[in-house]
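Just below is one structure, and these are the notes that go with it.
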Amino acid sequence: MLDINFIRENPDIVRENIRKKFQDYKLPLVDEVLSLDKKRRELQQEGDTRRADRNRLAKQIGTLMREGKKAEAEEVKALSKANNERVTEIESESAEVETALKKAMALIPNIIADDVPIGKDDSENVQGETFLKAEPKPFEVPYHLDILESLNGIDLDSARRTSGNGFYYLTGDIARLHSAVLTYARDFMIDKGFTYCIPPFMIRSEVVSGVMSFEEMEGMMYKIEGEDLYLIGTSEHSMIGRFMGQTLPESALPQTLTSYSPCFRKEKGAHGLEERGIYRIHQFEKQEMIVLCKPEQSDEWYEKMWRYTVELFTSMEIPVRQLICCSGDLADLKYKSCDIEAWSPRQGKYFEVGSCSNLTDAQARRLGIRYKNEKTGRNEFVHTLNNTVVAPPRMLIAFLENHLQADGSVYIPEVLRKYMGGKDKIRIK
RNA sequence: GCAGAGAUGGCGGAGUGGUCGAACGCGCACGACUCGAAAUCGUGUUACGUAGGAAUACGUACGGGGGUUCGAAUCCCUCUCUCUGCGCCA
């Protein structure tokens, strides 16, 4: 969500930004917003005047009543009543205009960063840096489910019986590896100075509609029956929700937090071979990082954050690359975003294991997250950023493929061994 | 889950239909006093929106939403949260 003042003063920049994102059908929204904004201010001015009258008349009535001038008071009452009818009219009209304005504003995308590559869709995303050498294996790498089964690490049949498609039982060393990765990632982020946080796994509808659009909500969120609660799709939801409507002292910034949570997603409309197994599921676990900072610091944090994920993966000896999100593939709230992709020796390509975004003040404006700028004395919106540290079920695919040995065992990199009871390998049963 | 009490500014805490954006105290800022400080005294000190170059003016907000009234922090309904007691439970 952009600042209305910004749209008013820079409509051409807003239009240009819409074109860069190949959303030309949204161009009329700019004029719509400008005219609704004008209407809104007119209504506010008339409303304010009328309300001022109402206050003045009410005071007069009070004075007259105290002086015992009942008849005169009744006359003013009638006057006030007529005025109030108009106030009510204006108020309902304002509410309509306000709603329409908010709706249109929500559809206008955030201004994207200058260095975002221009492109229509995900096919035009741009490879950034690569890390570690991505090589094919000297033997055929099976599908991750087959590796998991050969290690006795998964039971999908039972999961389908108990919960349906999109759930899993992880067992034995694989389950332990899953936890080891999360624990290692947690400690990794704590060592980077982040504060570890376990948030609520359910949030109220008020928070849900704050952190995502209605469409996203429909496609992702599970609702608890009979309660005003939803299962979170990512800990970002409860982590950002934590700051809704808050004004932080400048000294509290930056907030650098790393959170653990299970994530629940409906994943409506997800199909395809590569999404079989544990690539896309209804329930998974994730270590996340979020940062709330002053506007001038968000570019720097963005760079740091995606590089932390890269460092985490390379420390586990998994080749990764940065894939820079092009303008057309960037969600509307985002200023800049990139995916971290891990190498799949089986497919001979990289696949997404995490996503890092700088939302500048767009999310903060929507949620009312401010800080008091000590220099100007004014309350300003913070910048918010989020990034996946690691989501083990999906990262396990990369892990297994990259660390599979010719004899069918799976190598455990040094950094994880202390979380695996000292083991350096997971062997076939 | 049941019963009772409560939610007011950065904090504590008055206020139970009009003169309340809100007494009083603390904190904070500035000034006076002082060589300097403490103490003391004085002045100021919520946020958001609209108009304005600005000073400022007007409006809105006393947990959220709705209602009664010419007028609501105050009365009614509802939701959320907190405290106390009981019950239940890792």
Side-chain angles (χ1 to χ4, degrees), chain A residues 1-9 33-102 104-106 198-211 223-230 237-238 241-253 262 361 364-382:
Chain A
M1 191 176 261
L2 291 173
D3 183 355
I4 182 65
N5 292 307
F6 181 85
I7 302 179
R8 208 184 290 149
E9 283 156 28
V33 163
L34 290 175
S35 97
L36 282 169
D37 172 53
K38 186 158 174 273
K39 182 85 186 148
R40 185 194 58 136
R41 283 182 295 158
E42 282 166 8
L43 284 169
Q44 174 164 3
Q45 280 177 40
E46 193 191 341
D48 281 358
T49 313
R50 296 271 179 181
R51 272 186 291 265
D53 285 345
R54 177 176 71 187
N55 292 341
R56 191 171 45 78
L57 292 174
K59 245 172 221 177
Q60 227 177 75
I61 295 168
T63 311
L64 291 171
M65 290 295 248
R66 239 170 295 117
E67 290 169 356
K69 297 176 182 166
K70 243 201 154 155
E72 278 177 60
E74 286 302 324
E75 266 175 54
V76 183
K77 256 194 205 185
L79 218 66
S80 179
K81 212 162 190 172
N83 182 61
N84 288 351
E85 273 167 33
R86 180 64 190 144
V87 172
T88 313
E89 262 174 48
I90 291 170
E91 276 173 357
S92 70
E93 212 175 319
S94 296
E96 269 172 47
V97 170
E98 194 74 38
T99 310
L101 183 60
K102 269 207 183 122
M105 296 259 296
I198 302 175
F201 302 155
M202 297 183 207
I203 49 176
R204 292 221 174 93
S205 55
E206 180 198 4
V207 181
V208 177
S209 52
V211 296
K223 189 176 189 324
I224 304 296
E225 195 182 338
E227 310 260 344
D228 180 29
L229 285 173
Y230 290 79
H237 296 155
S238 35
R242 184 179 175 200
F243 297 101
M244 266 174 89
Q246 306 283 308
T247 302
L248 305 166
E250 187 172 329
S251 61
L253 296 179
D361 62 358
R365 176 167 298 108
R366 201 171 138 153
L367 297 174
I369 307 174
R370 297 164 213 269
Y371 77 102
K372 190 172 177 76
N373 184 326
E374 297 296 347
K375 236 180 247 156
T376 63
R378 299 199 54 83
N379 291 336
E380 294 169 10
F381 291 109
V382 303

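Proteins get letters first, then strands, A, B, ... in listed order; numbering begins at 1 in each.
The distance from atom NZ of A:K69 to atom C1' of B:G18 is 16 Å, rounded to the nearest whole Å. What separates CE of A:M244 from P of B:U80 is a distance of 17 Å, to the nearest Å. One can place CG of A:N83 at 14 Å from C1' of B:G59, the figure rounded to the nearest angstrom. In this entry the distance linking CD1 of A:I61 with P of B:U69 reads 14 Å, nearest Å. Separating the CD atom of A:Q45 from the P atom of B:U60 is a distance of 15 Å, rounded to the nearest angstrom. Separating the CG atom of A:N373 from the C1' atom of B:A47 is a distance of 16 Å, rounded to the nearest angstrom. Here the P atom of nucleotide B:A72 and the CG atom of A:L57 are 13 Å apart, to the nearest Å. The CZ atom of A:R86 sits 19 Å away from the C1' atom of B:C70 (whole-angstrom rounding).
Of the candidate nucleotides B:C48, B:C70, B:G18, B:C70 has the atom lying nearest to any side-chain atom of A:K77. For A:N84, the listed nucleotide lying nearest its side chain is B:C70; candidates were B:G49, B:C70, B:A47. When distances run from any side-chain atom of A:R51 to the nucleotides B:A47, B:C70, B:G59, the shortest one goes to B:G59. Listed nucleotides B:A47, B:G49, B:G18 differ in distance to A:M65; the shortest reach to its side chain belongs to B:G18. Of the candidate nucleotides B:U50, B:G59, B:U19, B:U19 has the atom lying nearest to any side-chain atom of A:K59. When distances are taken from the side chain of A:A58 to each of B:C48, B:C70, B:G59, the shortest belongs to B:C70. Closest to the side chain of A:R204, out of B:G49, B:C81, B:G59, is B:C81.
Between A:K223 and A:E227, the shortest heavy-atom distance links the atoms NZ-O, 2.6 Å. When every heavy atom of A:L57 is checked against every heavy atom of A:S80, the shortest pair comes out as CD1-CA, 3.7 Å. Nearest heavy atom pair, residue A:A104 against residue A:V33, reads CB-CG2, 3.6 Å.
B:A47 and B:A23 have their P atoms separated by 16 Å, with the value rounded to a whole Å. Comparing B:C76 with B:C26, their P atoms sit 35 Å apart, to the nearest whole Å. A distance of about 26 Å separates the C1' atoms of B:A22 and B:C77, rounded to the whole Å. Taking atom P on both nucleotides, B:A54 is separated from B:G18 by 37 Å, rounded to a whole Å. Distance noted for atom C1' between B:C33 and B:A72: 47 Å (whole Å).
B:U69: no Watson-Crick or G-U partner with both key distances under 3.5 Å is found in any strand. Base pairing analysis places B:C88 opposite nothing; no Watson-Crick or G-U wobble pair with both distances below 3.5 Å involves it. Look at B:G59: its Watson-Crick or wobble partner, with both distances under 3.5 angstrom, is B:C48. In a base pair of the Watson-Crick type (N1 to N3 plus N6-O4 or O6-N4) or a G-U wobble (N1-O2 and O6-N3), with each distance short of 3.5 Å, B:U82 is matched with B:A5. Within the shown strands, nothing qualifies as a pairing partner of B:U74 under the Watson-Crick or G-U definition with both distances less than 3.5 Å. In this structure, B:A32 forms a base pair with B:U40, meeting either the Watson-Crick or the G-U wobble geometry with both donor-acceptor distances under 3.5 Å. Using the Watson-Crick or G-U wobble rule with both distances under 3.5 Å, B:A54 pairs with nothing in any strand shown. If you check B:A22 for Watson-Crick or wobble pairing at under 3.5 angstrom, you find it has no partner at all.
The side chain of A:R41 places an N or O atom within less than 4.0 Å of a non-bridging phosphate oxygen (OP1 or OP2) of B:A51. Here A:R8 reaches the OP1 or OP2 of B:U50: one of its side-chain N or O atoms lies under 4.0 Å away. In this structure, A:R54 reaches the B:U60 phosphate: one of its side-chain N or O atoms is under 4.0 Å from OP1 or OP2. When the side-chain nitrogen and oxygen atoms of A:N379 are compared with OP1 and OP2 of B:C48, one or more of them lie within a distance under 4.0 Å.
Between A:N55 and A:K81, the residue anchored nearer the 5' end of RNA chain B, judged by the nucleotide with its closest heavy atom, is A:N55. Nucleotides of RNA chain B nearest to A:T63 and A:R370 differ in position, and the one nearer the 5' end is that of A:T63.
For A:N5 and A:R8, the side-chain atoms include at least one donor-acceptor pair closer than 3.5 Å. Judged by distance alone, the side chains of A:N379 and A:T247 never bring a donor and an acceptor atom under 3.5 Å apart.
Of the charged side-chain nitrogens involved, none lies within less than 4.0 Å of a carboxylate oxygen, so that A:E206 and A:R204 do not count as a salt-bridged pair. Salt-bridge annotation for A:E74 and A:K70: absent, with no side-chain N of the basic residue lying under 4.0 Å from a carboxylate O of the acidic one.
Taking a 6.0 Å sphere around CD of A:E250, one finds it holds more than 12 heavy atoms contributed by other residues, nucleotides or ligands.
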